[in-house]
Amino acid sequence: MRHDRRDFLGLGAALIASAALSPNLKASEHDHAGHEGKKRQLTLVNDPKRVLSPATLITPKEGKSYNPVVTLNGWNLPYEMKEGVKEFHIIAEPVVREFAPGMVVNCWGYNGTSPGPTIEAVEGDRVRLIVSNKLPEHTTIHWHGLILPNGMDGVGGLTQRAIAPGETYVYEFTLRQSGTFMYHPHADEMVQMAMGCMGMFIVHPKKPQSHKVDRDFCFLLASYDVAPGTYTPNPSTMTEFNIWSFNSRVFPGIDSMNVRVGDRVRIRVGNLTMTNHPIHMHGHPFEVTCTDGGWVPKNARWPEVTIDIGVGQVRAFEFVATEEGDWSLHCHKSHHTMGPMGHSVPNMIGVKQDDLTEKISDLMPNYMYMPMGKNGMAEMQDMAEMGMKLPENTLPMMTGKGPFGPIEMGGMFTLVKVRKNQPKDDYSDPGWYSHPKGSIARKL
Amino acid sequence: MVARTVSTSLAALFILSGCSAISQKEAFDSVNQLTAEQGVNNLQWIKTAQEAQSVDESVRALLSKPLTQEDALRIMLINNRALQQSYENIGIAQSELVEAGLMRNPLLGYSIGRSNGASTSTISVEIAFLDLLWIPLRRELGGLALEEAILTVGDSVLRSARDAKKSYIDARVSEEKVALFGPILKSHEASLQLAVRQYTAGNLSKRDMLRIQESYERARIESIKLSRENAAAREALNKTLGLYGEQTYYTLSTESLKRTEPAVTESGLEKRAIANRLDMRSAMKSVDYAAAQAGYSEKTRFVDELELSLESEKTTGEKRFNTFGIKLPIPIFDFGQARVSKAQAIYNQSVHQLYERAVNIRSEVREGYAHLRYTYDIAHSYDEVIVQTNQQILEETQLMYNGMLDGIYELLEDQRRAGEAKMEALDARGEVQKAQADLEYTIGGKL
Ligand SMILES: [Cu+2]
């Protein structure tokens, strides 16, 4: 039996779909008709209307010895037990991913999504990973960080023949460690990762009590170069990416991580971009407890509020949610919390332009020209909200609306929402925090 | 008695030669008729002060409103002095025809001699009498020459009409290009103003600012060049229309220049050209003339001169003595063969000329058609694709500017490109109209 997202959505009972999206966004399974402009050809999928929902799907706890990880704006891959072996079916294929409402990307991924579903198992399990290649070129899968026989390492040409289009290969090994790992191609890896082929591989400890947390989140950092007005990432780009994503979603299209006061929370982040990302969380110091090398000994941990995640690294950090509120969690490179922007736009800070507005408007009578950048770029979001049009399939540089006004963010930005009354095991969005009286910064 | 006979004969000759030639007016009417067949009519031949004045008034009326191509043509036809000069060729040919119908004047002689107190006076009259035979032949030649002149004048009217149309298009296009360049220059100016401010604010290097300044100055030079072209084109039109002084303050119509698609093939056009072109028909007349000339030489090869003479001699005291004589050249040395072979050579030459002209005209038709067709395709592409695409590019850049993906300089640059595309499209449309004027002249009629 093959598993992809389409099957699960049909099987409703197996999973609880949480539409844990921010208030003005909707989970969107079939509502993409609006983006299907006549001009656009989504050539990578047979049925472009089937842009799969990027909602966060929660795997039920029942029958599991572990607390399933929550893949942000993603899902976990079910398995079947076959004579004591956990069998997973993985299909590498072109997919269409919605990065945020108003923008879809022609990606490559697994089982209908990019990133692919999270593979979840338990230390000591024997796993069989059956990989079918429906990509237009050969591929392999490398199990990043796992200890396994060399012939299962998935390096095309080195440890195996690459999986040709249409072929199916089987990987089988026993999980000898627990922790946070990743999977990704190791054949034409530059292109395939730039197109979105990646996923997380979580191995829970054999002893259910060790490293136990109340809420366990995971996501991958991925960067894309989707030029304004286009749909397909450019795999040749090395530095000038314009989409910085958590699990191939960008703010405000990223779900918040909603927890209950007192919960011990783990957030696992893997970096498959080509640069480092200092991930910063507001409101709580945390400790790094795990890397893709394994668990950090308790006496070696130290407190942090920002953890720099290098290229090809995983960091899991933990904290006890003590402080109520809506806390930002984002990459601290400020360009990585922006939507697409022109890096060669002339610097207009402090340059008077108002008196030229009429002159320039006269030259383009049908265009609402506005001078930009004199006092900064915050006006960008005002203009976007005023309905100023952007190139097709292009997100504004900064966006997102909070209870107090524009948030002026994009890219690698989301929230950790801590609430006293967030029900146990409920991941749904509690809405905006209502601040106790006298606890908000005030105007003098 | 003889004298009476002679005078009667002279009178008869006068009548014979004077009455049968067509008038200048009739000749000019046939020019008008010929050109009207090709869409150019109401020619006017200025012969008197009153006519000159009425032309002035018509010109003033036509110039009082924005000048269309049709009105420009109208003015050229009545006011172009080169054309008036060519009309006079009709006068000249017509006069020559009249002259050809006349006998050579008789020679009248009178001599007186004295000898031994007696004086002898002689009165003589000599008449080149064979003229009576040759006049119909000469009149035939003169008639052909007049017809040829009519056709040649008609051709120069059509040629001038073509040139006037083209001058008008040049003037229109150059004037509109000046106007279209306005926003482009203004856009360069805005770029420069922004660059200077950016430089002053410390946001732009001096080098980058100077680059923008340099582009602005180049645009200004371009604008001056366009004005220079416009001045030249307008003067060319003024010359063609024969305008000077206050007349030259007219405005040009702003009705947009049309672009009509030419027929898909050139078939039939060559035939039309051969049948209708007035220069072609005039060349045919030259052949007829050369043939007639050769026939004339042949007929007159032995005796082209025969003179009859009458002498009346009176000596004092004697009876008047009358003699009647004839002078005839004896073809001993000149049998006229040289004249005949010269005439034949000229005839042969004119036949070859006609042939050559026909070949050339046919080639001109094909070339003119191809030129029009390709020029049209180019203009079509400019109008339907280049202009619109540049407009779309500008709109996309506007979206990029909205998203801070592009800067103001890119926005202004694409606005200028859209403007330049319009100028190129205008040029291309002007080329179509000129190619059409050329081809219509070449085929001798409307397309
Ligand atoms: Cu970053």
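These figures come from a predicted structure and were not determined experimentally. Numbered from 1 within each chain, the chains take letters A, B, ... in sequence-line order.
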Using a cut-off of under 4.5 Å for heavy-atom pairs, which of [options] has the most such pairs with chain B?
options                                    : result
Lys352(A), Met364(A), Met372(A)            : Met372(A)
Gly342(A), Gly339(A), Gly229(A)            : Gly342(A)
Val351(A), Val345(A), Leu390(A), Leu363(A) : Leu363(A)
Ile349(A), Asn242(A), Thr394(A)            : Ile349(A)

Check: Got a salt bridge between Arg220(B) and Glu189(B), using NZ or NE/NH1/NH2 to carboxylate O under 4.0 Å?
Finding: no
Notebook entry, point to check: Using 4.0 Å as the upper bound for N to carboxylate O, is an ion pair formed by Asp208(B) and Arg211(B)?
Noted result: yes
Check: Does Gly109(A) offer a backbone N or O that forms a donor-acceptor pair with the side chain of Thr113(A) under 3.5 Å?
Finding: no
Next item on the list: Measure from the side-chain N and O atoms of Asn73(A) to the backbone N and O of Ala55(A), and report whether any donor-acceptor pair falls under 3.5 Å.
Entry: no
Checking heavy atoms, do the side chain of [X], its backbone, both or neither come under 4.5 Å from chain B?
X         : result
Met388(A) : both
Met348(A) : both
Asn366(A) : neither
Pro391(A) : both
Ile360(A) : side chain

Checklist line | Test log, rule side chain to side chain contact (heavy atoms under 4.5 Å, CB included), inputs Lys225(B) and Arg228(B) | finding: CA-CA 5 Å; Lys225(B) 283 183 181 170; Arg228(B) 182 175 68 183; 4.0 Å; yes
Proximity breakdown for [X] and chain A, heavy-atom pairs closer than 4.5 Å:
X         : result
Asp406(B) : backbone
Gln415(B) : side chain
Leu394(B) : side chain
Ile184(B) : neither

Check: Which one, Met404(B), Glu410(B), Lys186(B), Arg416(B), leads in non-hydrogen pairs under 4.5 Å with chain A?
Finding: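 With the most close heavy-atom pairs to chain A, the winner is Met404(B).
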Checklist line | Max heavy-atom pair count under 4.5 Å with chain A, selected residue of Ile408(B), Thr397(B), Leu204(B) | finding: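 Top count of heavy-atom pairs under 4.5 Å with chain A: Ile408(B).
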Margin query: Would Arg234(B) pass as a cation-pi partner of Tyr250(B), given that its NZ or CZ must be under 6.0 Å from the six-membered ring centre and within 45 degrees of the axis?
Written below: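 Cation-pi check for Arg234(B) and Tyr250(B): passes.
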Verify whether the ring centers belonging to [X] and [Y] lie closer than 6.0 Å.
X         : Y         : value
Phe99(A)  : Tyr224(A) : yes
His330(A) : His336(A) : no
His343(A) : His335(A) : yes

Margin query: Does any part of the side chain of Leu411(B), heavy atoms only, come nearer than 4.5 Å to the side chain of Tyr369(A), both counted from C-beta?
Written below: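 Yes, their side chains come closer than 4.5 Å.
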